[in-house]
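A, B, ... follow the sequence lines: proteins, then strands. Residue 1 opens every chain. Keep in mind that this is a model prediction, so the values were computed, not measured.
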Amino acid sequence: MAEETELRYDPAAIEPKWQQRWAADPKLYAAEPVDCGKPKYYVLEMLPYPSGQLHMGHVRNYSIGDALARHMWMRGYNVLHPMGWDAFGLPAENAALKNNTPPRQWTLANIAAMKIQMDRLGLGYDWACEVTTCLPQYYRWNQWFFLRMYEKGLVYRKKSKVNWCPECATVLANEQVVDGCCWRHETTQVDQRDLVQWFFRITAYAQELLDGLDKLDGWPEKVRTMQRNWIGRSEGTDVDFFLEEQGSGVRDQGSDAGPSTPLGAKSAPSSAQDDNAVRIRVFTTRVDTIFGATSVQLAPQHELVTAFTAADSRLKAQVDEMIDQQKKAREAGDLGAIEKHGVPTGRFAVNPYNGERVPIWVANYILADYGTGAIMSVPAHDERDFEFAMKYGLPITQVIKPIDPAVSQELPFCSEEGVLMNSGAYDGLSCEDAQKRLQEIAVAGNFGEPKVTFRLKDWGVSRQRFWGTPIPIIHCESCGLVQVPDEQLPVVLPDQIEITQQGGSPLSRVPEFVNVACPNCGRPARRETDTMDTFVDSSWYFYRYTDAKNANAPFDPEIVMYWFPIDQYIGGVEHAILHLIYSRFWTKVMRDLGLIVNDEPARRLFTQGMVIKDGAKMSKSKGNVISPDEMVGRYGADATRMYALFAAPPDRDLDWQEDGVAGVSRFLARVWRLATKYAPLARTAGMDSHPFRIERGMDGAPSTQPTGLSLKLLRKLHQTIAKITLDFEGRWHFNTCVAAIMELVNEIQAADAQLAAGEVPAPVVRELLRSLVLLLAPFAPYLAAELWEELGEDGAVLRASWPQSDPALAKEDELEIPVQINGKLVTVVRVAADADAKAIEAAALAGEKIQSRTAGKTVIKVIVVPGKLVNLVIR
RNA sequence: GCGAAAGUGGCGGAAUUGGCAGACGCACCAGACUUAGGAUCUGGCGGAGCAAUCCAUGGGGGUUCGAGUCCCCCCUUUCGCACCA
């Protein structure tokens, strides 16, 4: 065997060879037709943004998904395992600015580069259903959906304060604002601007999106909680306080020329409770405390404040300063830490329940965009109001006392375990009863109603960018907003465009794009120049995969019905609210459009941990980025992927240590040597030989039974099969799967001398190696393919059946039972695996160490757990 | 501040139901082989001790024959939310 030393595991030779073979076999990873008769399995990984470079997070995500897909193929499923590109978005425009490369060209080149990286990694995707969101074949359906939603009233336009990122020069959704800064530019503070924007009415589905979470038991609880908090449902009451008229002189002075009276008030009524009085609507979850309201607090941006300040320059200055201060705090990133601060407006409001007059203040802690932007302040029963009242010496009136007299009455008392006091006719009612009663009164008196408020806002989708889906609307001077007719879709992005850093939408500077005949009246009109948020693209791309080439519809409902819901979705937890809530919304909209029947996109969701390096997130700025190409080049794709699965359980963060990759690579080399060495022996056994699978005879007893070393190795094999199979069913601790394969290999390796001496029959060797390769196939596909061929097997290893564990063979016939005295380990005894408690106890007591330790002592109690342990309690 | 997850050797981690703590790998140490290699093989590797043994899963208490695992209190780290009325 002189040449043996020259043979080495060489991934650089093996991997390209199989890449070529696989590329020549497009059927290999292809989904089969819906009528193929097999059970389906849809495994989906989040599609990447084509930055040009895969990063380790992708490698990890895709290694998990690919292992699962390969396993399911081997289990005989019809697997859909697609990949695509989230190809619209700002970086392409930035690159265009920097390199003078058109976004399209830049993006498509990046896609080509990343596809090569994916192929090198050996990821088994069905490229026939590839989706690239920046191509008109895809985004025309964004436009189509937009129009269908527009027709259903789910799309609307409104002028609103929007989050504006000066760096992106575009609007951001609330979800894209993190600590007051842009999610892409973490140090760039977001401005507020007034713009007319397009919105998707996601709030129409707020309740359903919330309710659906309870049924998504295949999703991590963490994600469900985050979505619940984001939707932020709260039940309460809207109540109108009445604006008390000022002394007639003051009022009359400003009323004509001054601010338009807010909230539809007409003339100045004499009575505050007149039907025509200006109403200040507040939202409260604690209407039961309303008798303790000692002021009304308005957000600085509240429209009534604007009205007040128009006539009061001193107040205006104070309010402006407050808004400015909020802005600065946001810049500093500690909006929450800002001290409560307010100014009295000098105006008063009347409590509709008792006619009490309370001052109206403007306060910096009132959010303009939640509820009504106005609250009633009840210092005795709300911590924030308490803090505020203490600061400004506002009265604090207790109106709730605890039910349990033992509970401290110290204010603020915020519990709802109480009864009313100082509340007139309602004294003595429980908080809960009072809320109901007071709501009824408000409805009857026409000054309020029960109200459910959500924190979730409608989804602003307008972006003043070039590289996105054009919004398919035409502005016509005579017809207004006109839909682009379906047959004119897609509205295609112009090719020739100069990207500049000027504000506003780049498309507005392309006359050929903007100028269009109105589809309605034919007169000159202008196209909408906003493009859609890229989260639109990723909200439904996984439906398109099932029928990616359909030119007549976004997809064929029949095909979607077969594949959906997604059986397993895998991605990073950073998408827990943005992408995953939009996707759920889109699914419900498509269902209500009659396109699909499923309520939710994905049955199971798995969020993998981050890949970190030296305890910190990999980032260019920290200079700790490890490139997948480098790893693949040095150790091969198999070692890189397998390390990504081995180094930590998939749901936890993974610290990338190159030494670890080298270790996995050494392991694969060991497998390669072992398999190559004994493959010739294995091949001498016939293809159908399974001599040591236990056949049951007529009497139920095994008719063939391996013995000695063969038994030992086969037992380990079948234990390993059982362990890994179980993990694929749901626990997904692939790190221990890899460890189990290593143990198996170690055990076979330890028998090297006997194997070499021919002490193990060829059929057993074949069985061992064959199964080892099958177990390896989801984790190290290249090596598995290579060794499969080496073993003389026909066809792709992916088409072979996943091995089955034979429980009879996996079962140990002798066990080591630990024997404890008073809970401390003293010794172990070997007993038959099926020994009963009595036999185990006898064996334990017979042991020498036990004898000497119990001599002269009293054994009070003997605990025997068959198969587990013996514990002697002695004194 | 609120909520969630986590805390185990020098390091990544294992222990699926309360039952031999440290599987598997890395690093390290010793040895073998040698065409000297970032190769391979053998052995060792939580701490203390010559040893028998004792101590050890962030800290402290508890339940139990028995606790990394269950309960209570505390500490630390990470993540999410953070005036949502």
What is the distance, to the nearest angstrom, from the CH2 atom on A:W361 to the C1' atom on B:C83?
18 Å

Most 5' of A:N229 and A:A368 on RNA chain B, judged by nearest nucleotide:
A:N229

I'd like to know if the side chain of A:R224 and the backbone of A:L213 have a donor-acceptor N/O pair within less than 3.5 Å.
yes

With a 4.0 Å cut-off on heavy atoms, is A:K340 in touch with a base, just the backbone sugar-phosphate, or nothing at all?
base

Whole-Å distance separating the CE atom of A:M610 from the P atom of B:A6
16 Å

Applying salt bridge (charged side-chain N to carboxylate O under 4.0 Å, His left out) to A:K712 and not counting sequence neighbours gives A:E747

What's the gap between B:G62 and B:G9 when it is taken at their C1' atoms, as a whole Å value?
28 Å

Anti/syn call for B:G58, syn if |chi| within 90°:
anti

From CZ of A:R224 across to P of B:C81 the rounded distance in Å is 19 Å

Report yes if at least one side-chain N or O of A:R673 is closer than 4.0 Å to OP1 or OP2 of B:C41; otherwise report no.
yes

Protein-proximity profile, nucleotides 15-27 of chain B, B/S/- by nucleotide at the 4.0 Å heavy-atom cutoff, equals SB--BB--BBSSS

Whole-Å distance separating the CZ atom of A:F386 from the C1' atom of B:C83
16 Å

Starting from C1' on B:G13, measure out to CH2 on A:W656 and report it in whole angstrom.
16 Å

Does A:Y635 reach a base, just sugar-phosphate, or nothing at all? Heavy atoms under 4.0 Å.
base

Pick the C1' atom in B:U57 and in B:A14, then give their distance to the nearest Å.
12 Å

Nearest heavy-atom approach of A:M618 to A:W656 is CE-CB, 3.8 Å

Does the plane of the ring in A:W361 sit parallel, tilted or perpendicular to the ring in A:F388? Use 30° and 60° as the thresholds.
perpendicular

I'd like the P distance from B:C26 over to B:G43, given in whole Å.
15 Å

Write down the distance between CD1 (A:I577) and C1' (B:C79), rounded to a whole number of angstrom.
12 Å

What distance, rounded to whole Å, do you find between the two C1' atoms, one in B:G18 and one in B:C28?
35 Å

Take the protein atom OH of A:Y9 and the nucleotide atom C1' of B:U40, then report the distance between them rounded to whole Å.
17 Å

Phosphate-side-chain proximity, A:K824 and B:A67, N/O vs OP1/OP2 below 4.0 Å
no

Can you list every stem that RNA chain B is part of, counting only runs of 3 or more consecutive Watson-Crick or G-U wobble pairs with both distances under 3.5 Å?
B:1-7 with B:75-81, B:10-12 with B:24-26, B:28-32 with B:40-44, B:46-48 with B:53-55, B:58-62 with B:70-74

Using the C1' atom in both, what is the distance from B:A56 to B:A21, to the nearest Å?
9 Å

Can you label the angle between the A:F447 ring and the A:Y353 ring as parallel, tilted or perpendicular, going by 30° and 60°?
perpendicular

Nearest-Å distance once atom C1' is located in both B:G7 and B:G22:
16 Å

Separation of the P atoms in B:C20 and B:G66, to the nearest angstrom
15 Å

Kindly confirm or rule out a cation-pi arrangement of A:R455 over A:W230, judged by NZ or CZ under 6.0 Å from the six-membered ring centre and within 45° of its axis?
yes

Salt-bridge test for A:R731 and A:E729: reply yes if a basic N is under 4.0 Å from a carboxylate O, no otherwise.
no

Let's see if you can work this out: which of B:G80, B:C65, B:A85 has an atom nearest to the side-chain heavy atoms of A:M226?
B:G80

Would you say the ring centers of A:F728 and A:F734 fall short of 6.0 Å from each other?
yes

Passes side-chain hydrogen bond (donor to acceptor under 3.5 Å, both in side chains), A:R584 versus A:Q227? Steps please.
CA-CA 11 Å; A:R584 296 182 58 224; A:Q227 291 208 358; 2.8 Å; yes

Classify the ring geometry of A:H381 against A:F413: parallel below 30°, tilted from 30° to 60°, perpendicular beyond 60°.
perpendicular

Any base atoms under 4.0 Å from A:I366, or only sugar-phosphate, or nothing? Heavy atoms, all strands.
base

Send over the distance from A:R228 CZ to B:C81 P, rounded to a whole Å.
16 Å

Give a yes/no on whether any side-chain N or O of A:S234 is located under 4.0 angstrom from OP1 or OP2 of B:A85.
yes

A:Q851 and A:L845 have their tightest heavy-atom pair at NE2-O, 2.6 Å

Suppose you measure atom C1' in B:G68 against the same atom in B:U8; what distance do you get, rounded to whole Å?
7 Å

